[in-house]
Amino acid sequence: MVNIILLGPPGAGKGTQARRLVEERGMVQLSTGDMLREARTSGTDMGKRVAEVMDRGELVTDEIVIGLIEEKIAADTGQGGGFIFDGFPRTLPQADALGAMLTRMGQRLDAVIEMRVEDEALVSRVSGRFTCGNCGEVYHDETRPTKVSGTCDVCGSTDLRRRADDNAESLKQRLMEYYKKTSPLIGYYYAQGDLFTVDGLAEIEEVASKIAGVLAQSASS
Ligand code: AMP
């Protein structure tokens, strides 16, 4: 069992790789972005506040996301495959909180995989992206269109969605947040000896095989 963090700017491919790890290794994906998107549809006051912050491309408070992660990992032991933290932690206090949670559970963090992609590529990746509202499969207008227009290749659903924050203006803010608040985590995990960097611009298969290599190395150490 391995617990990993996928770290990288919006559009780096964290969600795509996390989905593969879930399918191929029975790992459990914990995406705070997905949890927050679910919370915003709840119609509660908290949900409405979260929606405004997300649409502006800013970060939701540490307290809220730490609470969400705590709830999920208490309810799930990683099903033997381990956890993939996707989009969490995004700040140093979140990283400290995660370390403490894992220690309390008698678990450890095995690897932090930084997916490195330069900014220009992120703009086109994010602005062309859409996902299946039913099964979560991720597509892109140019690089990964559906085989039949308007229909998910995997489950056949026609509920294909674009995120409200996948536009140029929000992306600019999301990148600012990433560089200001999240990128310091690269140094933090490097210092802990947990950091591995992969080229997020490579083909999906190639990135997946690099990640598999990191997992094999961490599992044996
Ligand atoms: P994502 O799906 O990971 O790109 O997240 C979408 C949005 O949800 C972000 O732009 C933030 O507004 C919010 N969000 C997701 N994860 C976190 C986190 N760990 N800390 C703070 N805000 C988050």
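If you read the sequence from its start, that first residue is 1, and numbering goes on from there. Read the numbers this way: they start at 1 and go in the same order the structure lists the ligands and their atoms.
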Asker: I need the atoms of ligand 1 closer than 4.0 Å to a non-hydrogen atom of G87, numbered in the order shown.
Answerer: 16 (N), 17 (C), 18 (C), 19 (N)

Asker: Please check if the number of heavy atoms outside E63 that lie under 6.0 Å from its CD is greater than 12.
Answerer: no

Asker: Give the residue and atom name of whichever protein heavy atom lies nearest to atom 4 (O) of ligand 1, and the separation in Å to one decimal.
Answerer: R163 NH2, 3.0 Å

Asker: Determine, for D34 against K72, whether the closest basic-nitrogen to carboxylate-oxygen distance falls under 4.0 angstrom.
Answerer: no

Asker: Counting from 1, what ligand 1 atoms have a heavy atom of Q94 closer than 4.0 Å?
Answerer: 18 (C), 19 (N), 20 (N), 21 (C)

Asker: Looking at ligand 1, does M35 have a heavy atom less than 4.0 Å from it?
Answerer: no

Asker: Should you measure from each heavy atom of R37, which atoms of ligand 1 turn up under 4.0 Å away?
Answerer: 2 (O), 6 (C)

Asker: For P89 and L185, work out which heavy atoms get closest and say how close.
Answerer: O-CD1, 3.2 Å

Asker: I need the nearest protein heavy-atom contact for atom 8 (O) of ligand 1: residue, atom name and distance, please.
Answerer: M54 CE, 3.4 Å

Asker: Can you give me the closest heavy-atom contact between V148 and D153, atom names plus distance?
Answerer: N-OD1, 4.3 Å

Asker: Walk me through it: do Y179 and D119 pass the test side chain to side chain donor-acceptor pair (under 3.5 Å)?
Answerer: CA-CA 11 Å; Y179 290 118; D119 290 359; 2.5 Å; yes

Asker: Would you say E58 and ligand 1 have an N/O pair spaced under 3.5 Å apart?
Answerer: yes

Asker: With heavy atoms of L36 as the reference, note each atom of ligand 1 found under 4.0 Å away.
Answerer: 8 (O), 13 (C), 14 (N), 15 (C), 23 (C)

Asker: So, D199 and R116, do they make that salt bridge, N to O below 4.0 Å?
Answerer: no

Asker: Heavy-atom contacts under 4.0 Å between L59 and ligand 1: side chain, backbone, both, or neither?
Answerer: both

Asker: Tell me the protein heavy atom at minimum distance from atom 21 (C) of ligand 1, and give that distance in Å.
Answerer: V60 O, 3.3 Å

Asker: Is there a nitrogen or oxygen of G57 sitting under 3.5 Å from a nitrogen or oxygen of ligand 1?
Answerer: no

Asker: Taking the basic N atoms (NZ, or NE/NH1/NH2) and the acidic carboxylate oxygens, is any pair closer than 4.0 Å for D166 and R129?
Answerer: yes

Asker: Is there a polar contact, in the sense of an N or O pair closer than 3.5 Å, between V53 and ligand 1?
Answerer: no

Asker: To the nearest 0.5 angstrom, please state how far the CZ atom of R20 sits from the CD atom of E205.
Answerer: 4.0 Å

Asker: When I113 is tested against each of I84, L6, V207 for side-chain contact (heavy atoms from CB on, under 4.5 Å), which residue passes?
Answerer: L6

Asker: Taking 4.0 angstrom as the limit and counting only heavy atoms of T32, give me the atoms of ligand 1 inside it, by number and element.
Answerer: 15 (C), 16 (N), 17 (C), 18 (C), 19 (N)

Asker: Closer than 4.0 angstrom, basic N to acidic O: yes or no for E206 and K210?
Answerer: yes

Asker: To check your reading of the model: name the closest protein heavy atom to atom 18 (C) of ligand 1, its residue, and the distance in Å.
Answerer: R90 CD, 3.4 Å

Asker: Below 3.5 angstrom, do we get any N/O pair linking S31 and ligand 1?
Answerer: no

Asker: Check for me whether R56 has a heavy atom closer than 4.0 Å to any atom of ligand 1.
Answerer: no

